[in-house]
Chemist: 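I'd like to ask some things about the structure below.
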Number of protein chains: 2
Amino acid sequence: MGHAGATRRATMMDVAARAGVSQSLVSIVMRGAPGAGAQTRQRVLAVAAELGYRPDTRARLLRQNDSRMLGVVFGVQHAFHGDLVAGLYRAAGPVGHRLTLSATTPDRPERVAVDDLLGDRCAAVILLGSELPPADLSAAARIVPVVVVARAVRHEAVDVVRTAEAQGVALAVDHLVALGHRRIAHIDGGRAPGAAERRRGYRDAMRRNGLDGEVRVISGGPTEDDGARAAREVLSGGRPSAVTVFNDRCATGALQALRSSGLQVPLDISVTGYDDSRLARITFVDLTTVAQDVDRLCELAVERAMDRAAGVEITGRREQIVPPTLVVRSTTGAPVS
Amino acid sequence: MGHAGATRRATMMDVAARAGVSQSLVSIVMRGAPGAGAQTRQRVLAVAAELGYRPDTRARLLRQNDSRMLGVVFGVQHAFHGDLVAGLYRAAGPVGHRLTLSATTPDRPERVAVDDLLGDRCAAVILLGSELPPADLSAAARIVPVVVVARAVRHEAVDVVRTAEAQGVALAVDHLVALGHRRIAHIDGGRAPGAAERRRGYRDAMRRNGLDGEVRVISGGPTEDDGARAAREVLSGGRPSAVTVFNDRCATGALQALRSSGLQVPLDISVTGYDDSRLARITFVDLTTVAQDVDRLCELAVERAMDRAAGVEITGRREQIVPPTLVVRSTTGAPVS
DNA sequence: ATGAAAGCGCTAACAG
DNA sequence: CTGTTAGCGCTTTCAT
């Protein structure tokens with residue numbers, strides 16, 4: 001057996017008829033509102049279960065005209081976005097909001113994903129790592145409140161919640177300096193999101209530690225292969241005692257290349273990553289890395305989205321910046337020097 | 001400025017009033033139906049754009065009472081599910097169906113994700129790698145057609161679309177045998193989904209190749225750490241010349257452990273993975289692996305879901321099995337022997 | 001080519 | 001405690 005096929009789904013009317021009550025009473029019972037007798041309630045619930053009845057969320061929202069629903073655009077093949085989506089569910093549930101997801105994929109550009117959401121009458125939309133051009137951002141923001149997470153977009157019409165990227169790299173540099181390192185290089189992320197700010201964070205931190213003369217940026221990228229390539233370049237130019245890397249994937253690639261050229265980590269060279277992704281936590285990688293505060297980012301994003309949707313007056317900056325933390329593992333140590 | 005805040009979203013009525021036509025005409029124009037003058041059409045479209053108007057998908061579906069919408073439950077932190085979701089969008093778009101996503105996360109069990117979808121009046125739901133207990137599966141299937149993808153659930157009420165897991169490992173074994181290997185071990189996935197069938201595929205393939213005596217299964221698991229642990233065990237017991245591993249993550253861990261104990265891959269030992277994940281494609285991993293046919297899996301899943309939703313009579317088995325392919329890269333080669 | 005009116009499944013007054 | 005009624009924003013006859 002299985003599902004009947006083209007059979008109509010049960011409605012409140014069906015339940016009402018079968019339970020011998022009015023449709024409004026069924027409504028009251030289904031949403032647990034006060035105003036129904038205990039046994040009526042029970043009978044209705046029994047019939048509903050028997051019929052496999054589920055209230056139609058859309059009809060409900062349509063009527064209430066208050067969607068209490070947040071749209072989320074995310075890259076379904078982007079691991080960090082997965083962590084953020086999980087955090088958003090955690091943040092939205094307790095405050096009574098649902099999430100409706102719209103994914104970007106290689107064949108489904110962000111514009112399409114956002115468009116989809118706009119038809120869903122979300123109270124607000126949250127864009128993870130948005131790369132939408134300003135014009136599209138404006139267009140969306142005209143229709144619904146827009147909150148961008150984990151991307152430093154500069155747009156007067158949208159709210160932004162993101163990590164203090166520069167500070168993350170600074171934490172890594174300070175940690176290495178405290179261990180006694182001076183020749184600290186940086187493998188950057190090229191034109192990847194956040195790369196510029198992390199690069200700047202490295203430069204500033206080096207300067208702040210009086211290491212202007214030691215600044216050395218090697219061009220890398222977001223992938224393992226970028227890291228491996230960059231590592232080979234690092235070695236070819238008077239080896240530093242430590243290197244801060246754009247992200248964990250890139251750092252993993254660099255680690256691999258470093259080790260396969262005979263170096264010991266962290267004995268000969270220390271390495272830090274960024275993201276605290278699952279990659280970094282693998283026992284034999286065990287990478288010292290910078291962790292973004294996912295829960296905090298998500299809480300702030302949901303809160304801001306709800307406030308905008310409710311028309312709350314917001315004082316202060318549209319950009320909220322969350323500090324990262326350093327997770328020390330085993331790829332950093334004192335230099336032998 | 002940004003979004004006005006608690007302002008009401010524009011409706012068809014607003015557009016109609018501003019354009020000086022009836023609401024029905026706006027409806028005709030917005031969905032591109034025939035029956036509107038060219039200049040009227042233009043004026044309406046102009047007003048809609050000016051007002052930032054978007055038709056309400058929910059109201060539309062509610063009225064049409066034909067959702068043309070497929071619900072998808074997926075693990076948002078599961079990389080392979082990301083690939084499948086991308087494939088589902090590709091498959092559903094051309095046949096005029098939308099997707100509505102509901103994610104499982106560490107705090108959001110599959111039951112909750114499915115429940116959410118049931119209120120959305122999807123025509124059918126597609127469950128990726130479902131681990132729902134039979135009772136829950138039955139409950140869902142009573143309400144809406146259910147298609148499970150990438151998991152060999154055995155349930156009379158649901159359709160299944162999955163890869164011929166056993167065949168995948170058999171491809172790997174045959175490839176190794178063709179290269180001249182005989183001592184081929186298998187690092188399994190423990191109790192992970194698909195592990196049992198892949199283990200069986202290994203055993204059968206060995207037998208078919210007359211290598212019953214060489215069968216050796218080492219208990220592993222789905223993660224890199226599992227692979228590393230298993231690899232150390234492999235080495236401690238009379239080293240095989242090749243090993244087929246449960247999945248790419250596990251294989252990567254095994255590779256790492258093998259190499260760090262001084263072995264050359266594939267010179268001293270060949271290794272195969274499973275999944276053809278991004279991991280396998282990294283240049284310095286470059287893993288020979290088994291690829292699932294994502295597009296085919298998704299096409300079949302969407303087709304089946306639509307057929308069930310439309311009440312099409314389905315003859316033949318409820319389970320559709322898609323053959324995998326072997327992707328030969330550089331972790332396999334002839335044994336030195 | 002255009003408009004009026006009914007109703008999708010539900011919630012929210014309001015009556016009894 | 002229970003039923004009646006009026007929409008939410010849209011599509012869809014059916015008139016005009």
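Throughout, a chain's letter reflects where its sequence line sits, starting with A, and its residues are numbered from 1.
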Chemist: Are B:V95 and B:V302 packed together at the side-chain level, in the sense that at least one heavy-atom pair is separated by less than 4.5 angstrom?
Modeler: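 A side-chain contact under 4.5 Å exists here.
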Chemist: Could you tell me the boundaries of the chain A footprint on DNA chain C, defined by atoms under 4.0 Å from its heavy atoms?
Modeler: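 Contacts span C:dG9 to C:dA12, reading 5' to 3'.
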Chemist: Find the bend of the helix from C:dA1-D:dT16 to C:dG16-D:dC1 as the angle between its two terminal axes (five pairs each), to the nearest 10°.
Modeler: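 End axes: 40° apart.
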Chemist: Among pairs that include at least one residue of residues 78-88 of chain A, which meet side chain to side chain donor-acceptor pair (under 3.5 Å), considering only residues two or more places apart or in two chains?
Modeler: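 Found A:D83-B:Q77.
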Chemist: Tell me which residues in residues 31-45 of chain A lie within less than 4.0 Å of DNA chain D, going by non-hydrogen atoms.
Modeler: A:G35, A:A36, A:G37, A:T40
Chemist: Do any pairs count as a side chain to side chain donor-acceptor pair (under 3.5 Å) and have a residue in residues 118-132 of chain B, sequence neighbours left out, and if so which ones?
Modeler: B:E110-B:S130
Chemist: Output yes when B:R9 and B:D14 qualify as a salt bridge under the 4.0 Å nitrogen-oxygen rule, no when they do not.
Modeler: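 No.
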Chemist: What pairs with B:Q320 under side-chain hydrogen bond (donor to acceptor under 3.5 Å, both in side chains), at least two apart in sequence or on another chain?
Modeler: none
Chemist: Using a cut-off of 4.0 Å on non-hydrogen atoms, how would the nucleic acid contact of B:T11 be classed: base, sugar-phosphate, or nothing?
Modeler: sugar-phosphate
Chemist: What are the bounds, 5' to 3', of the part of DNA chain D that sits under 4.0 Å from heavy atoms of chain B?
Modeler: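 Boundary nucleotides touching chain B, in 5' to 3' order, are D:dG9 to D:dT12.
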Chemist: How would you list, by chain and number, every residue that makes a side-chain hydrogen bond (donor to acceptor under 3.5 Å, both in side chains) with A:D66, sequence neighbours excluded?
Modeler: none
Chemist: Using a heavy-atom cut-off of under 4.0 Å over every strand shown, decide if B:L62 touches base, sugar-phosphate, or nothing.
Modeler: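 Base, at least one base atom sits under 4.0 Å.
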Chemist: Going by the side chain to side chain donor-acceptor pair (under 3.5 Å) test, which pairs reach into residues 25-48 of chain B, not counting sequence neighbours?
Modeler: B:S27-B:R31
Chemist: Hey, can you pull the donor-acceptor pairs under 3.5 Å for the side chains in residues 292-301 of chain B, sequence neighbours left out?
Modeler:
{"residue": "B:Q292", "atom": "OE1", "partner": "B:T163", "partner atom": "OG1", "Å": "2.6"}
{"residue": "B:D293", "atom": "OD1", "partner": "B:R296", "partner atom": "N", "Å": "3.2"}
{"residue": "B:D295", "atom": "OD1", "partner": "B:R90", "partner atom": "NE", "Å": "3.0"}
{"residue": "B:D295", "atom": "OD1", "partner": "B:R90", "partner atom": "NH2", "Å": "2.9"}
{"residue": "B:R296", "atom": "NH1", "partner": "B:E299", "partner atom": "OE1", "Å": "3.1"}

Chemist: Mind checking what makes side-chain hydrogen bond (donor to acceptor under 3.5 Å, both in side chains) contact with B:H155, not counting sequence neighbours?
Modeler: B:S138
Chemist: Does the B:R108 side chain pair with the main chain of A:A86, one donor and one acceptor, at a distance under 3.5 Å?
Modeler: no
Chemist: Using side-chain hydrogen bond (donor to acceptor under 3.5 Å, both in side chains) as the criterion, list what pairs up with A:N65, not counting sequence neighbours.
Modeler: none
